[in-house]
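This report concerns only the one structure given below.
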2 protein chains.
Amino acid sequence: MTSDDGPRAPRRAGRPRADARPVVGDPTDEILAATGRLIGELGIGGTAMSRIAAEVGLKQSSLYYYFRRKEEIVAALVARANVVPLELVRTIVAQGGSAPAQLYRFVRADVIALCALPFDINEVHRIAARDTEGFASYWKERAVLERRLAGILRSGVRAGDLRTVDPRLTALTILANDEGVQNWFRLGSRWSSRAVGVQLADLVVSGLLPPGSDLASVAAEADRLDPEFR
Amino acid sequence: MTSDDGPRAPRRAGRPRADARPVVGDPTDEILAATGRLIGELGIGGTAMSRIAAEVGLKQSSLYYYFRRKEEIVAALVARANVVPLELVRTIVAQGGSAPAQLYRFVRADVIALCALPFDINEVHRIAARDTEGFASYWKERAVLERRLAGILRSGVRAGDLRTVDPRLTALTILANDEGVQNWFRLGSRWSSRAVGVQLADLVVSGLLPPGSDLASVAAEADRLDPEFR
DNA sequence: CACAGGTTTCGATGACCCATCGAAACGAAC
DNA sequence: GTTCGTTTCGATGGGTCATCGAAACCTGTG
């Protein structure tokens, strides 16, 4: 054997793993990916640290080199998940359009994004609710999301494009709806996430339109800005 | 002291409790009540059997005389919770009225009933989803609920009182909304459960009404049949 | 080569949790 | 007083999370 026998994994510092498999990528990312998959199947409570460790080729205690506590893994996981709706509402508001159309686009895309998550978002909420400190940034981002959504609603109500409703209560209700729905539809079931997103967007927006307004024209406006739905 | 110094607890068979307090009612009911309270505060995973036992004055292992497993307590708890929406939809259908009014009454009352539960209904769903055998009757009842709700929707669509929607998808969406909302509003927060129920009923029914129909008249019809909302 | 210092992993361990088991402590019936 | 059924307990086994010290590797320096 000469100097080169293929792209051998670069030798890493530190004690080698008992399971002598080569290390593929950043262990942190591997742990997050494995945990996402596992809690999707087994739930957070049902996913043991030893199971996660086995999945990535480590012993249980070695996980604590990368994360101090199990919840820290969950927090890192959900931090990523939180970025999507925030980014979504940001770009939708930036792109403008009528309030109903913005709302329509948000609900539709939010549902689809949530359904794509490997785990149940509500379960994570529950963990996060019991550990406000560890999930402080999560709740901060969530508050921003709520405010932005309420902002859309408020301007829609003011412009007469939406029925008169409490913007904050309605924003929270809409987010709760999106999340309540993902639990039931995220696993293929009978309906595609796309169909569910469209359905809920129809329901919510149509439910907020003032008498005499037409849902179809709102949907058409939304579709003009979301090419993938044309 | 003569023979009678008050309604003394009738002596029970069996070994006396270490904690010598008298036994008040049916231990099974006490366990259920205590568990409901505790998992409302601490979550299912956070509620130890030893904690439940301490609450009712027993040692941890004694709980297994009444329930074989922890999940059996949860199952018994949720079985009760399930009765409410089922009973609700049954009586509403029996009382008749237009489909939109039936829908309105169901959503409003369902949200209020769910918000009154001491625990997070979604967390229970998660447990139930992972143990379809232990919760078989739960899922059966749930299916009945879905079908009945879809039945209301179907007849409403057929009569032209509701927009054309997929009854089953919409029924599931509505239930998901009700449950998604309870997580966020069950603890007093800023809004009363009544306000939340009315708000979601407004949103859902208004979102399902065909163009030209009036939400106010539906709400009025619903209020006629629900005296407590007049 | 020997050795120091940093990095990554492991094994052992403690505290806690669920669930099972046999036995203990009672009332009731005979 | 003995036996039987009822209710409770303590002890125990196996599982979980999290911590700790040490092991096993790399690199750099003399």
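Numbered from 1 within each chain, the chains take letters A, B, ... in sequence-line order.
Mapped onto DNA chain C by nearest heavy atom, B:R15 and B:T47 fall at different nucleotides, with B:T47 at the one closer to the 5' end. Heavy-atom distances to DNA chain C give each of B:P16 and B:A48 a nearest nucleotide, and the one nearer the 5′ end belongs to B:A48.
For the residue pair B:E179/B:N122, the side-chain donor-acceptor check at 3.5 Å is not satisfied.
B:F67 CZ to B:L32 CG: the interatomic distance, rounded to the nearest 0.5 Å, is 4.0 Å. A distance of 5.0 Å separates CG in B:L86 from CG in B:L145, rounded to the nearest 0.5 Å. In this structure, CZ in A:R105 is found 6.5 Å from OG1 in A:T91, a value given to the nearest 0.5 Å. Between B:L103 atom CG and B:L149 atom CG the span is 6.0 Å, to the nearest 0.5 Å. For the atom pair OH of B:Y64 and NZ of B:K70, the computed distance is 8.0 Å after rounding to the nearest 0.5 Å. The CG atom of A:L58 sits 4.0 Å away from the CZ atom of A:R17 when rounded to the nearest 0.5 Å.
The CD atom of B:Q60 sits 7 Å away from the C1' atom of C:dC18 (whole-angstrom rounding). In this structure, the CZ atom of B:R51 is 21 Å from the P atom of C:dA15, given to the nearest Å. The CD1-P distance, from B:I127 to C:dC18, rounds to 12 Å in whole Å. In this entry the distance linking NZ of B:K59 with P of C:dA25 reads 15 Å, nearest Å.
Between B:L172 and A:F185 the shortest side-chain heavy-atom distance falls below 4.5 Å. Side chains of A:V204 and A:L200 form a contact here, defined as non-hydrogen atoms less than 4.5 Å apart.
Contacts between residues 66-79 of chain B and DNA chain C, defined by a heavy-atom separation under 4.0 Å, are made by B:R68, B:R69, B:K70. For the segment residues 39-46 of chain B, no residue has any heavy atom less than 4.0 angstrom from an atom of DNA chain C.
Taking each heavy atom of B:L175 and B:R142 in turn, the nearest pair found is CB-NH2, 3.5 Å.
The side chain of A:Y65 lies closest to C:dT8, out of C:dA24, C:dT8, C:dC18.
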Show your reasoning for whether ring pair (Phe, Tyr, Trp, His ring centres under 6.0 Å) applies to B:H125 and B:F135. CA-CA 10 Å; B:H125 275 152; B:F135 288 79; 9.9 Å; no
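Interface limits on DNA chain D: the 5'-most and 3'-most nucleotides within less than 4.0 Å of chain A heavy atoms are D:dT16 to D:dC26.
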